[in-house]
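Structure first, then comments.
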Amino acid sequence: MTDPYAWLEQSLATIHRADWYRSVQPINGRPGATVVLAGQEVINFASNDYLGLAGDERLMAAATAAIAEFGTGSTGSRLLSGHRQLHRELEEAIASTKQTEDSLVFSSGYLANLGAITALVGKRDLVLSDQYNHSSLKNGAILSSAAVVEYPHCDIAVLKTQLSEQRQNYRRCLILTDSVFSMDGDLCPLPALLDLADQFSCMLLVDEAHATGVIGKTGAGCVEHFGCTGKQLIQVGTLSKALGSLGGYVAGSSLLIDFLRNRSPSWIYTTGLSPADTAAALAAIKIVQQEPQHRAQLWQNVHYLKNLLQQQLPNLKLLPSESPILCFQLPSATDALKAGKQLREAGIFAPAIRPPTVPTSRIRISLMATHEAAHIEKLVAVLKDINYTDHELSKTN
Ligand SMILES: *Cc1c(COP(=O)(O)O)cnc(C)c1O
């Protein structure tokens with residue numbers, strides 16, 4: 001008899017050989033522009049906490065007050081014993097920011113996507129999904145049992161052809177896209193996607209995880225940025241990035257939200273978001289609405305870094321980006337790991353992102369409102385140094 005678990009070791013060995021192996025590293029203390037990573041102080045370019053709110057005293061105070069009032073757990077599904085007025089306040093605040101009729105809070109952004117997609121489409125339906133979409137959109141599509149077709153990244157022409165050829169064979173159709181692509185930093189062509197959705201009678205779900213609090217005049221996301229506020233579409237997002245907490249949401253029409261409350265398995269059959277997370281996210285939304293200066297500072301930092309890189313490292317080819325996420329590609333996972341390690345030794349935390357997360361290995365830099373000019377200057381100085389000494393990195397330009 002063979003050991004039915006023996007394949008685990010072989011599989012891990014394969015992962016190691018490809019330099020795809022990953023493990024966790026502890027960060028001590030509060031999150032921020034600098035953190036202590038495995039005992040070493042580093043400048044943090046690896047965080048999704050774009051506005052620096054995860055370490056904000058007001059979020060922490062709101063979370064602590066909610067624990068004092070409601071305890072630590074919400075004790076049940078929202079439909080049974082897990083619903084609090086606090087959840088409703090948060091949902092109203094999200095809907096007000098997004099200017100939608102309503103919203104629904106899930107326990108994570110991942111679960112929001114799984115829950116929305118599986119409720120909206122099934123066996124007789126078609127899902128069209130950008131090739132670079134987040135894992136939660138891809139797995140939501142698979143879990144829904146709909147036919148799934150991927151279109152090349154942001155390629156409206158191919159998407160249109162696929163719709164012309166296939167739309168009529170299915171009952172409902174759902175187009176899925178990230179708004180800010182999480183591992184590249186570019187934006188989806190939202191107005192063109194809305195036009196196609198209209199033309200071919202498709203629903204459109206846009207995942208604003210990296211855009212909420214960051215993009216758009218009031219931080220409402222790409223929908224606002226592209227002037228599409230008020231259009232019929234399904235917006236998903238997370239409370240765990242710029243909003244500094246944990247949880248996810250779907251925002252849209254009252255009908256949509258009412259339907260999801262009745263049909264979303266990942267909302268119905270899971271425990272309501274904890275009081276602390278709910279209160280922290282609510283405090284964050286108020287800050288996003290009332291203090292645009294954090295978003296302004298974030299964008300100032302993005303422009304400062306882009307300008308410095310252009311002046312001092314003109315050969316370093318950044319992937320096209322319209323967000324605080326900046327990436328440069330490397331020829332292999334091994335090269336990316338090497339660059340990540342050199343950055344880390346110089347006090348910069350900007351991780352190598354490798355397959356299977358992305359098709360090509362890269363270093364991913366994400367900026368925060370709380371980065372100081374000196375942090376950004378240090379990053380550029382270290383990148384210059386690496387470029388100078390590391391043959392592989394300079395070869396990629
Ligand atoms: C991070 C992310 C999610 C998942 O959100 P969580 O709240 O962390 O589960 C979903 N979609 C995209 C595009 C993301 O970047």
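As the structure lists them, so they are numbered: ligands from 1, and atoms in each ligand from 1. Here the structure is a predicted model, which is why all the values come from computation and not from measurement.
The OG1 atom of T100 sits 9.0 Å away from atom OH of Y249, with the distance rounded to the nearest 0.5 Å. Distance check, rounded to the nearest 0.5 Å: NE2 of H134 to CG of D178 gives 7.5 Å.
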Exercise. In sequence, state the C-alpha distance, the side-chain angles, and the governing distance for L205 and T177, and then conclude on side-chain contact (heavy atoms from CB on, under 4.5 Å).
Key: CA-CA 6 Å; L205 183 154; T177 188; over 6 Å; no
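Near ligand 1, heavy-atom contacts under 4.0 Å come from S108, G109, Y110, N113, H134, S136, D178, S182, D207, A209, H210, T238, S240, K241, G247.
Salt bridge status for E91 with R78: present, with a side-chain N to carboxylate O gap under 4.0 Å. One finds a salt bridge joining E150 and K138 here, because a Lys/Arg side-chain nitrogen approaches an Asp/Glu carboxylate oxygen to under 4.0 Å.
Pairs engaging residues 152-208 under the ring pair (Phe, Tyr, Trp, His ring centres under 6.0 Å) rule: Y132-H153, H153-F181 [sequence neighbours left out].
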